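Single-structure report; data block below.
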Protein chains: 2
Amino acid sequence: MAETARHPSESRYGNRPTMKDVAARAGVGLKTVSRVVNSEPGVTPDTERRVHEAIDALGFRRNDSARVLRKGRTASIGLVLEDLADPFYGPLSRAVEEVARAHGALLINGSSAEDPEREQELVLALCARRVDGLIVIPAGDDHRYLEPEMKAGIATVFVDRPAGRVDADMVLSDSFGGARAGVAHLVAHGHRRIGFIGDQPRIHTATERLRGYHAALTDAGITVEDSWVSLGPTDPARVRAAAEAMLAGPEPVTALFAGNNRVTVTAVRVLAECDRRIALVGFDDIELADLLGITVISQDAATVGRTAAEHLFRRLDGAAHPPVRVELPTRLVPRGSGEIPPA
Amino acid sequence: MAETARHPSESRYGNRPTMKDVAARAGVGLKTVSRVVNSEPGVTPDTERRVHEAIDALGFRRNDSARVLRKGRTASIGLVLEDLADPFYGPLSRAVEEVARAHGALLINGSSAEDPEREQELVLALCARRVDGLIVIPAGDDHRYLEPEMKAGIATVFVDRPAGRVDADMVLSDSFGGARAGVAHLVAHGHRRIGFIGDQPRIHTATERLRGYHAALTDAGITVEDSWVSLGPTDPARVRAAAEAMLAGPEPVTALFAGNNRVTVTAVRVLAECDRRIALVGFDDIELADLLGITVISQDAATVGRTAAEHLFRRLDGAAHPPVRVELPTRLVPRGSGEIPPA
DNA sequence: TAGGCCCTGGACAACGTTGTCAAGAGAATG
DNA sequence: CATTCTCTTGACAACGTTGTCCAGGGCCTA
């Protein structure tokens, strides 16, 4: 009786051919197949042809999992961001992908949904896969959990927000300066009562932009009233409520500063329903904002992504300098909504 | 003299601890560590504690590359789309990611940039990584190169456009019906001269939408003139030129049908500069389209992505029925631009 | 023709994990 | 006290590839 096959491989779906199979079919040694597959020198044209024929006949494709195990590098990098569906992150991710591609690496994406626990879970899963490098838009504010991984050689770049309690490369936008310029722009157009609607205070960019807001008003000698400022989740309901509150009452604001693209979108909707003409400046550019005449503080997501990725690959190529902190400038783009005078 | 270390591992960066190291430190066997790491039963609480201590002390993290090699499944899926920066694909990708996450899988993204060769390159790279499944928004029209891979067990779902010369699961939007409804809407508002600006004719959705356009006009007894139709790349310059041509001349069109979101965006810009009021219906919804009053044929990118991913995982869970072809409905959303009467 | 060199090809171990299997300790049973 | 049974544990091979090293054959030179 024939011995029954019961190795795990036998039960695995597909049973793809391996180099061993190709070698047997071509009548050569295993290593020779490896050489052909990797275009290594030292194989006669004739042998090479036989191997290629066997490869085609069997439908062989190299198993990169095994290759990775042997070589120690996965040629892949991980990108953990907040939400790939957010129009800010699509272009950012695409820019990272382009750089990765230029370096022969694939990109694994994950969305943290602004949840620190989920961020950590994702990042550690990527580390277990042994990605060569990581680009993280932090959700949490403590990244010491990454220390062993970084020490073990996983290059890491933090983007958009600084790393928490960990020394690492960072690529940030000038949130403070941008917000300050935007609010100053409103002041320059005569506004004295300016509302600020931003993201949750645990998010670094939110507080930086708020700081910029305060700085601009202080510069102008204006004392901020509590009711002008609202931080919190940026879902439409919350933002709408906040905006409507600022616009109601005996002394409503005459202008709004929106802390990010999601806030801007909702603010535009609210202002469209408002009978007075309220000025608006938003942080982050938005598609079609030109047609809607929305004045924004623009930061180029693609540049942010590309810069981060380039720093990452420089590390992977061996750059050993101390962690750097890059701050990218923002740009005020006047389109009308920010130039409306106070009512 | 001590023997010089020269194994490749010695030169590898980091030299992460392995289960063997943990085992040595905890004074247990290798397999016991494996059991603890994978929460397998049959380990005394005391042993388990010792192992955990060793893991923490060494900063061990399981190497999933090795795990994958042994188990044959990578718990990852690949998504090849056209351009992650396109606002249609962000939400789609995110929806796929959510489903993958629910199944414990990671997502590897790639953009084909609408280049068939790049699509193939990406897809095959993902196959070499042995992703468990693939979701592909095809750029090319011949996918026979995927046959050996699919036969070898890589589940594949094609999205948005049908697979070329290969029998596989597909999730499509009703491009024909959607375009037909959109154009009929314009006809119903009195238009007889309607322009169509769409994507390159080798893209399936482009020709389907054009077919819907023709059907609606034929239904209305209108004979389409050549000058009303323009297919080609959807970059702003080309679209702008096409739109301006249709709006010039002795008998200009009184309405435009835009074949996708990029075309719509440019069309809106062109129409904004035009002195006459031209009607517009666009395929795909756009952020802030409500505020701009743009009538669209809406297809929900997230639903498309989720549906595709669910089908994929059903396959991975063993579903063996013949390939299915799912067609998702579209929805006409009147917002003003489509209801403008002919000048 | 002998000696040396280069070029091609293959045997073998190793990468870090998991599946299989067997051994040993202890508890339970007669 | 002998026997069986259960439970924990570890030795070992295997996953498919690549790096190392050696063998054999052909060619050149002296």
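Atom set for the values below is all heavy atoms of this structure, side chains included, hydrogens, waters and symmetry mates excluded. In this text, all values refer to a predicted model and were calculated from it rather than measured experimentally.
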Query raised in the report: Less than 3.5 Å between a donor and an acceptor, one on the side chain of B/K31 and one on the base of C/dG19, is that the case here?
Result: yes
Query - Rounded interatomic separation in angstrom, taking NZ from A/K20 and P from D/dT17 - result: 11 Å
Report task. Classify the nucleic acid contact of B/S65 as base, sugar-phosphate or nothing, counting any heavy atom under 4.0 Å across all strands shown. Result -> nothing
Report summary line: Taken to the nearest whole Å, CG/A/N63 to P/D/dA14 is 18 Å
Report summary line: Ranking C/dT18, D/dT17, D/dC15 by distance to the side chain of B/K71, first place goes to C/dT18
Query raised in the report: Can we say A/R50 and A/D46 salt-bridge, meaning some charged N sits less than 4.0 Å from an Asp/Glu carboxylate O?
Result: yes
Report task. Please tell me which of B/S34 and A/G42 maps to the more 5' nucleotide of DNA chain C, matching each residue to the nucleotide holding its nearest heavy atom. Result -> A/G42
Query raised in the report: Could A/R49 and A/E53 be called an ion pair, given the rule that one side-chain N must be under 4.0 Å from one carboxylate O?
Result: yes
Report task. For B/V28, report the nucleic acid contact type (base, sugar-phosphate, nothing); a contact means any heavy atom under 4.0 Å. Result -> sugar-phosphate
Report task. Please state how far atom CZ in B/R62 lies from atom C1' in C/dT18, giving the value in whole angstrom units. Result -> 10 Å
Query raised in the report: Between atom CD in A/E40 and atom P in C/dT8, what is the gap in whole Å?
Result: 13 Å
Report task. Determine, step by step, whether A/R129 and B/N63 satisfy the side chain to side chain donor-acceptor pair (under 3.5 Å) criterion, reporting the C-alpha distance in whole Å, the side-chain angles of both residues, the deciding distance to 0.1 Å, and the verdict. Result -> CA-CA 6 Å; A/R129 298 285 170 115; B/N63 183 333; over 6 Å; no
Query raised in the report: Base, sugar-phosphate, or nothing for A/V37, non-hydrogen atoms under 4.0 angstrom?
Result: nothing
Report task. Could you tell me whether the side chain of A/R70 has a donor or acceptor atom within less than 3.5 Å of a complementary atom in the base of D/dT17? Result -> no
Query raised in the report: So, are B/D141 and B/R202 salt-bridged, with charged N and O less than 4.0 Å apart?
Result: no
Query - Polar side-chain atom of B/D132 near backbone of B/A75 as donor-acceptor pair, under 3.5 Å - result: yes
Query - Donor-acceptor pair present, A/R67 side chain and D/dT17 base, under 3.5 Å - result: no
Report summary line: Among C/dG16, C/dT18, C/dG9, the one nearest any side-chain atom of A/T47 is C/dG9
Requested in this report: Determine: side-chain N/O of A/T32 to OP1/OP2 of C/dT8, distance under 4.0 Å, yes or no.
Outcome: no
Report summary line: Whichever of B/D64 and B/R35 has the more 5' nearest nucleotide on DNA chain C, that residue is B/D64
